[in-house]
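Encoded as structure tokens, the structure appears first; notes follow it.
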Amino acid sequence: MESSFSFIDQALLVSFPHFLAASACVLIAVFGYYFFRPRCIYLIDFSCYQPPDFLRAPVSNFIEHLTISGVFDQESLDLQQKILERSGIGDDASVPVTVHEIPPNSSLSAAREETHEILFTIVEDLFSKHKIDPKSIDILVSNCSLFCPSPSITAMIINRFGMRSNVKSFSLSGMGCSAGLLSINLVKDLMKIHGDSLALVLSMEAVSPNGYKGKCKSMLIANTIFRMGGAAILLSNKKQDKHKAKYKLQHLIRTHVGSDNESYESVMQQIDEEGLVGVALSKQLVKVASKALKINVVELGPRVLPYSEQLKYVISFIQRKWGLHKEVYTPNFKKAFEHFCIHAGGRAIIEGVEKHLKLDKEDGEASRTTLYRYGNTSSSSLWYELQYLEAKGRMKKGDRVWQIGFGSGFKANSAVWKCISEIDSRDMNAWSDRIHLYPVCGDASSELTTKLLS
């Protein structure tokens, strides 16, 4: 008996250190997961700039202004009028006060004035609404594609609001209309290593310095579609902010097809034969956007689509390889998302995405209505669309929304947000004053204009 007990004791003595080591490994794993697991990115709130009514630029006034300025010949005027009338942009879309001047003021001071007006207004609105101390901002990111001053745009904000000296600030430029989602992605990456952080993202495009005064047709298009606007987005990875956040970021997918020359040259700032600078939009733009979106969707799809839709796609893909079907099945993305925010870059872009994803016109309502009321506000357009859905009372807790952005380079970016709170449609935002007048369909635009002027 003594020898058997001795054997057991020895076995226990040998096993105990192994047990301790195994327990330590488990504890380390649990500890590591708890402290180093990916943090959730919460969207606490956002604010969009609403220009005052005196900055409105009705289509008729816009054309008259172009004519009186004496810059364009009749052929260029006729082309811009034709584009404007078919653009899907209504009479509420606004331009900066400096653009209302004759001739338009495109100076550096005019661009600064426009930037101050937009960003100071929306940041103050966001801070006051949530009682945010500017010194509590840990990360600050701005994006403005064509206006890149020194000191930078983030420096303007730091100076105006008295932010901390160690705030992590980044000013992005040249990234095009998709830069808003790129800024969110930058914050997402920074928050992987900076815990318990509060971030402010600013998205806009300065209209004042970017008017084209030449005769190149591809460069005149930008004159007619871009309007004044901007958005400020407040993000956090603090656990305690979950209860007051509106949305949680679920996915963010970036696609860049710049290695292809046709894509790279589809949206390009360049100099014409007369030495005038402008942004040229290629005739292949919609085709390029569709190509970039297709690549982006291939990566996003498996992360969001139910297995039934993925299976249908795989089966149809195999059948096409065997020559049994001509087309590959397009998954029903309405089984993955309740809402869609397509960059309001123009009517052709919105309709192209709807066709590519086989969406109904109702799915593109927020985008189409944003284009109508605010025009193409570049990277901030997606946030006007999200505010539209909120103001309409359509955003419900648990809903998922897909933001689709496009930009020069050429880039297609997707962000998926999940609504995690009850959204009150009565909260004031950039749509509250006239939300009852939208959506606008077809010939109803003239009727809406009459109502707004009466």
Side-chain angles (χ1 to χ4, degrees), residues 39-49 115-116 118-127 129-130 132-145 147-148 152-158 160-161 163-164 167-194 196-206 229-238 241 244-254 341 343 377-387 390 401 403-405 407 411 413-417 429-430:
R39 291 176 176 266
C40 292
I41 307 298
Y42 299 110
L43 195 165
I44 296 176
D45 203 357
F46 61 101
S47 177
C48 293
Y49 178 73
T115 304
H116 289 172
I118 293 173
L119 296 186
F120 291 176
T121 300
I122 55 179
V123 172
E124 284 176 358
D125 175 64
L126 199 56
F127 283 178
K129 181 178 180 181
H130 293 276
I132 300 292
D133 181 355
K135 293 186 183 300
S136 67
I137 298 297
D138 302 293
I139 300 170
L140 176 63
V141 180
S142 73
N143 64 267
C144 186
S145 190
F147 179 53
C148 185
S152 65
I153 290 176
T154 51
M156 293 181 190
I157 301 299
I158 292 170
R160 171 65 177 79
F161 293 95
M163 293 182 176
R164 300 197 320 262
V167 63
K168 300 163 189 66
S169 63
F170 304 85
S171 292
L172 306 183
S173 66
M175 306 294 282
C177 298
S178 68
L181 296 186
L182 293 176
S183 297
I184 300 295
N185 186 78
L186 175 57
V187 169
K188 173 176 171 283
D189 288 344
L190 288 168
M191 284 186 168
K192 289 178 181 177
I193 54 174
H194 297 289
D196 293 330
S197 295
L198 192 62
L200 179 64
V201 172
L202 306 172
S203 293
M204 67 163 291
E205 186 57 76
I233 304 99
L234 191 63
L235 302 164
S236 174
N237 63 352
K238 300 178 181 181
D241 286 337
K244 63 181 179 181
K246 285 186 172 183
Y247 303 93
K248 181 173 73 172
L249 181 64
Q250 292 194 306
H251 305 284
L252 206 157
I253 306 297
R254 296 174 54 178
C341 293
H343 168 53
T377 61
S378 189
S379 57
S380 65
S381 69
L382 295 174
W383 303 104
Y384 283 95
E385 294 164 24
L386 190 54
Q387 272 200 347
E390 292 184 352
V401 58
Q403 291 180 316
I404 305 171
K411 299 178 285 294
N413 301 318
S414 290
V416 178
W417 302 90
N429 67 25

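Bear in mind the structure is a predicted one, so any value in this text is a computation, not a measurement.
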Check the pair Arg160, Glu124 against salt bridge (charged side-chain N to carboxylate O under 4.0 Å, His left out), reporting the backbone distance first and the verdict last.
-> CA-CA 10 Å; Arg160 171 65 177 79; Glu124 284 176 358; 2.2 Å; yes
Ring-ring centroid check Tyr247 Tyr42, cutoff 6.0 Å |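 Ring centres of Tyr42 and Tyr247 not closer than 6.0 Å.
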Pairwise distance OH(Tyr384) to SG(Cys48) - rounded to 0.5 angstrom =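 Between Tyr384 OH and Cys48 SG, I get 5.5 Å after rounding to 0.5 Å.
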Partners meeting salt bridge (charged side-chain N to carboxylate O under 4.0 Å, His left out) with [X] (sequence neighbours left out):
{"X": "Lys244", "value": "Asp241"}
{"X": "Lys248", "value": "none"}
{"X": "Lys246", "value": "Asp45, Glu390"}
{"X": "Arg164", "value": "Asp138"}

Residues in side-chain hydrogen bond (donor to acceptor under 3.5 Å, both in side chains) contact with Ser142, at least two apart in sequence or another chain | Ser171
Sequence-distant partners of Gln250, side-chain hydrogen bond (donor to acceptor under 3.5 Å, both in side chains), two or more places apart | none
For side chain to side chain contact (heavy atoms under 4.5 Å, CB included), just list the numbers for Phe120 and Tyr49, CA-CA rounded to whole Å, side-chain angles, deciding distance to a tenth of an Å, and then say yes or no.
-> CA-CA 10 Å; Phe120 291 176; Tyr49 178 73; over 6 Å; no
Applying side-chain hydrogen bond (donor to acceptor under 3.5 Å, both in side chains) between Asn143 and each of Ser378, Ser178, Ser173, Ser379, report the one that passes.
-> Ser379
Taking [X] for its side chain and [Y] for its backbone only, find out whether a donor-acceptor pair lies under 3.5 Å.
{"X": "Asn237", "Y": "Ser197", "answer": "yes"}
{"X": "Glu205", "Y": "Ser145", "answer": "yes"}
{"X": "Gln387", "Y": "Ala430", "answer": "yes"}

